[in-house]
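Remember, it's a predicted structure, so these values are computed and weren't measured experimentally.
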Amino acid sequence: MKDFKFWFNRVFPAVVFGALFFLPLSAESLNLLDLGEASLKFFSPFEVIFSIFTGRQIAAELKLFPFCLSFFALLLLPAFSIFLIITLFTKRAFERTRHIVTLTAFTLYLLCSIWCMVTFANSRRWFLLLPPYIYLIVLFVVIMHVHLTFFMLFHHRNGKIEYETIEKIKKQEAHHFGDHFISIRTKVLVTILTAIVMLLGIFTVLILHDNHRMLVASMGNTGRAQAEQAAAVYESAEGMNEKIKLFFEEQSHSNEFSVTPYERIDIIITKDSTPIYIEKIESVSDVSDYKVFAYTTGRPSRIPEDEKNIPADKAFDYIKRYKTGVYLKEPVYNKEKGTCKYIHPVTFNRKAGKRLVGFSIVTYREEVLMETYFKTKVFVLTLTGIFLYVVILITILLTDYITTPLIYLKSNVREASSKFTQIISSHGKIGADSLVFNDAIKSKDEIKDLSVAINDFISLLRGIIPYISNTTLKYADRESDSKLSVTKDLCFLFTDIRGFTSMCEGRPAREVVAILNQYLELETEIIIKNHGDIDKYVGDEMMAFFAGPRKEYNACKAAMEIRAAMREAQQASLVEGTDFISMGIGINTGRVIFGSVGSNKRMDFTSIGDTVNIAARLESANKAYGSKAIITEAVFEKLQGSFICRELDLLTVKGKKEPLRIYEILQQKEDASVKIYEIRDLFEKGLNFYRRQNWDKAELAFRTCVERYNDMPSVIFLDRIRHFRKNPPPEKWDGVFELKVK
């Protein structure tokens, strides 16, 4: 095994570098105008350097200074081979130097190979004509370069305690979490690389798209202009041979020096004596075949026969493109032959219109036309690949720099936490001295500050532990579920004792508390009996909540029983001649935040949300209506007729803009009398007339309800009607009452 490693690490690279110096590296550009069988001229580093010294003719680009310098740098390949052979006979290993030399050699070869490809690759055929062994050589060099780069990148970790700890953590996490564990290093690496790849991809696509669009537009303008110029020359010469021939000779001469030369310019006409006018062409039958190959800048013998004439259907299509303006936007492509043609009709101006004589056709080879774009594409994609490779290396180093201290800190904290758990579970057998935090972070940043702070905290904890009992530590280590907050669907009931403050005046404090507790005890028993729970007491006010599928029914049933209990208390007070009190109730249902609130020193478990606030406002609204128990429309809809309720009003409470439809609970359905139904019907009849501003009928209904049943909400609405008779409501009055008090 040692012998194989020795030969592979020293002898094999020496042989490879010597071979690379003589093997073909790349090929010259392809002659895109050569319609014959294409071939490439290959060259190796040795051939290029030999030609420079001997003056042998190779590609002109290889004589330029940057290329000369890059190929002279490849002279280091045999030098590196010699160095590696010399190290075979030395006792010293020179491992690091050998790795650097090998990586440098592969880097120089890759850079030179990339430079040649960017310079000479001018079409897709160039890549197809390269022999497979060149691809294999380049692939081998790339694989060796990646292998050596990552080997040197990770080799410096060996022997460092941080990385040994990280590997240990990875094994522990993989064992604990299985395949679902993803380390922070992986997350950071993937996040950065994903962002860079996306930006790089977008940038590359935009560059290539804009370059392609500008090139196509530029060449399109040139091709159309040449076709129009050829047609114009033929038209102005009226078919005179000398003038047209001179024009074609000039075009052939100038085309030799063009950056993007066309293949040829043709003029194809017809000898049909029947005149055809462009304006009158409506179908293929109006067009004849164009078979006279009049003029061309190419060699007629090399031009395919099918391109020397234009059938009637193609001629009609060309005229249609001309008349619709399509020819201004795109040429005629032939994917099989790899050509694109810019076509313009040749006409003679006559009184009857433009007489169609033939067509001028400028033919480009698509490879020639797109050569500039293809070279740009190769350059951009190559540069993108190099940049991505470098970015991956830099990202790995950056990720190590950022995450290694964090992971190492995590390991130290976990060890301290594990030791703390052992101290708690040991029942005093393990002393506080064993609780040690290894503050070994060497970076000078926030992570180091955090490590120092944790070390200080552990030191403080180590000093406190001897003064705290083990039982206290055991329970302090548990997280209480009462600190959690959740969203729940609850129904809330608020009550408030009316006149309690005035009743308490002049009474001793103990007596006031006794009276308050008497009523609160009464309410509490009823609420608990109806599956409710008390949230809090605030003076003479109480907040309760109900849960479950029948929460609204239970809350309203509790409200009715509280009212019945209050009536009994009032009757007893009248008999005894003592002060009696009344009760206001507000009920609402909906979603709330249910959990603990407060500070670490004092917590309160309660409910928060609009549902709670509205229930509290409705309890206070009883004062404004003379009612006893008000519920919201949400509660009313859940009761499903189990209680007799009357719609009380449409109002906005303080702090809310949206109006609420409120109802008053009158009685449970099975206990309801005829009187209850009459009160409901009379009041809702008056409310209906009131909202339509029919004051007379509304007043009659409310007054009847007051005279028969002494209904206090009807009294309130009679006062409103008197007010509106003197001060009519605005034109778009919606009947909403604004409750301005809490």
Side-chain angles (χ1 to χ4, degrees), residues 30-38 122-125 212 215-235 237 244-270 287 289-322 325-347 356-374:
L30 187 66
N31 185 4
L32 301 178
L33 293 175
D34 188 1
L35 302 181
E37 186 176 352
N122 58 346
S123 72
R124 184 170 173 268
R125 280 195 300 153
H212 182 269
L215 179 64
V216 170
S218 174
M219 293 308 302
N221 293 334
T222 303
R224 287 192 299 271
Q226 289 171 335
E228 292 174 4
Q229 185 181 13
V233 169
Y234 191 91
E235 293 168 9
I244 299 172
K245 185 177 180 181
L246 179 62
F247 168 75
F248 272 74
E249 289 176 354
E250 291 176 351
Q251 290 297 314
S252 298
H253 180 70
S254 61
N255 190 48
E256 295 176 0
F257 301 97
S258 175
V259 178
T260 310
Y262 51 79
E263 186 174 336
R264 65 181 189 274
I265 300 177
D266 304 326
I267 290 183
I268 303 175
I269 61 175
T270 181
V287 185
D289 294 335
Y290 293 81
K291 300 180 179 179
V292 180
F293 194 67
Y295 297 95
T296 182
T297 59
R299 293 184 181 182
S301 60
R302 294 187 178 182
I303 300 174
E305 291 300 323
D306 62 332
E307 295 188 19
K308 294 181 180 181
N309 62 81
I310 303 175
D313 56 341
K314 283 190 177 181
F316 177 74
D317 182 59
Y318 295 160
I319 293 300
K320 185 179 178 182
R321 290 168 57 86
Y322 172 75
V326 175
Y327 84 103
L328 295 172
K329 299 179 181 179
E330 58 182 29
V332 177
Y333 287 98
N334 189 324
K335 295 296 182 182
E336 294 180 0
K337 296 183 178 181
T339 60
C340 60
K341 297 182 177 182
Y342 297 91
I343 302 169
H344 195 275
V346 178
T347 60
L356 180 61
V357 179
F359 297 90
S360 65
I361 304 174
V362 180
T363 303
Y364 280 90
R365 295 197 66 79
E366 193 172 0
E367 282 185 335
V368 176
L369 193 66
M370 303 305 294
E371 180 181 12
T372 303
Y373 170 72
F374 188 85

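Looking at residues two or more places apart in sequence or on another chain, you find a side-chain contact (heavy atoms from CB on, under 4.5 Å) between E250 and L246. Qualifying ring-ring contact (aromatic ring centres under 6.0 Å, His included) partners for Y290, counting only residues two or more places apart in sequence or in other chains: F359. Legend: residues meeting ring-ring contact (aromatic ring centres under 6.0 Å, His included) with Y322, ordered by chain and number and at least two apart, are Y327, H344. Contacts of T260 classified as side-chain hydrogen bond (donor to acceptor under 3.5 Å, both in side chains), with partners at least two apart in sequence or in another chain: none. Remark: E305 pairs with K308 by the salt bridge (Lys or Arg N to Asp or Glu O under 4.0 Å) rule, at least two apart or across chains. Partners of F247 by ring-ring contact (aromatic ring centres under 6.0 Å, His included), not counting sequence neighbours: none found. Here E371 pairs with L32, N122, K375 under the side-chain contact (heavy atoms from CB on, under 4.5 Å) rule; sequence neighbours left out. Residues that satisfy the side-chain contact (heavy atoms from CB on, under 4.5 Å) test with K291, not counting sequence neighbours, are D289, N309. Under the side-chain contact (heavy atoms from CB on, under 4.5 Å) criterion, N255 pairs with S258, P261, Y262, sequence neighbours left out.
The list of side chain to side chain donor-acceptor pair (under 3.5 Å) pairs with a residue in residues 223-232, not counting sequence neighbours, reads N221-R224, Q226-Y364.
For the pair F374 and R124, the tightest heavy-atom approach, listed with the atom from each and the gap, is CZ-N, 3.5 Å. Nearest heavy-atom pair across K245 and Y295 is N-CE2, 4.5 Å. Residues R264 and T297 share a closest heavy-atom pair of CA-OG1, 3.1 Å.
Between the side chain of S360 and the backbone N or O of A227, at least one donor-acceptor pair lies under 3.5 Å. Counting only distance, with no hydrogens or angles, the side chain of R321 and the backbone of E330 share a donor-acceptor pair below 3.5 Å.
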Validation: residues 334-341 side-chain donor-acceptor distances under 3.5 Å, sequence neighbours left out:
residue, atom, partner, partner atom, Å
N334, OD1, E336, N, 3.2
N334, OD1, K337, N, 3.2
K337, NZ, D306, OD1, 3.2
K337, NZ, D306, OD2, 2.8
K337, NZ, E307, OE2, 3.0

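Residue V362 is tested with I265, T222, I343, D266 for a side chain to side chain contact (heavy atoms under 4.5 Å, CB included); the sole match is I265.
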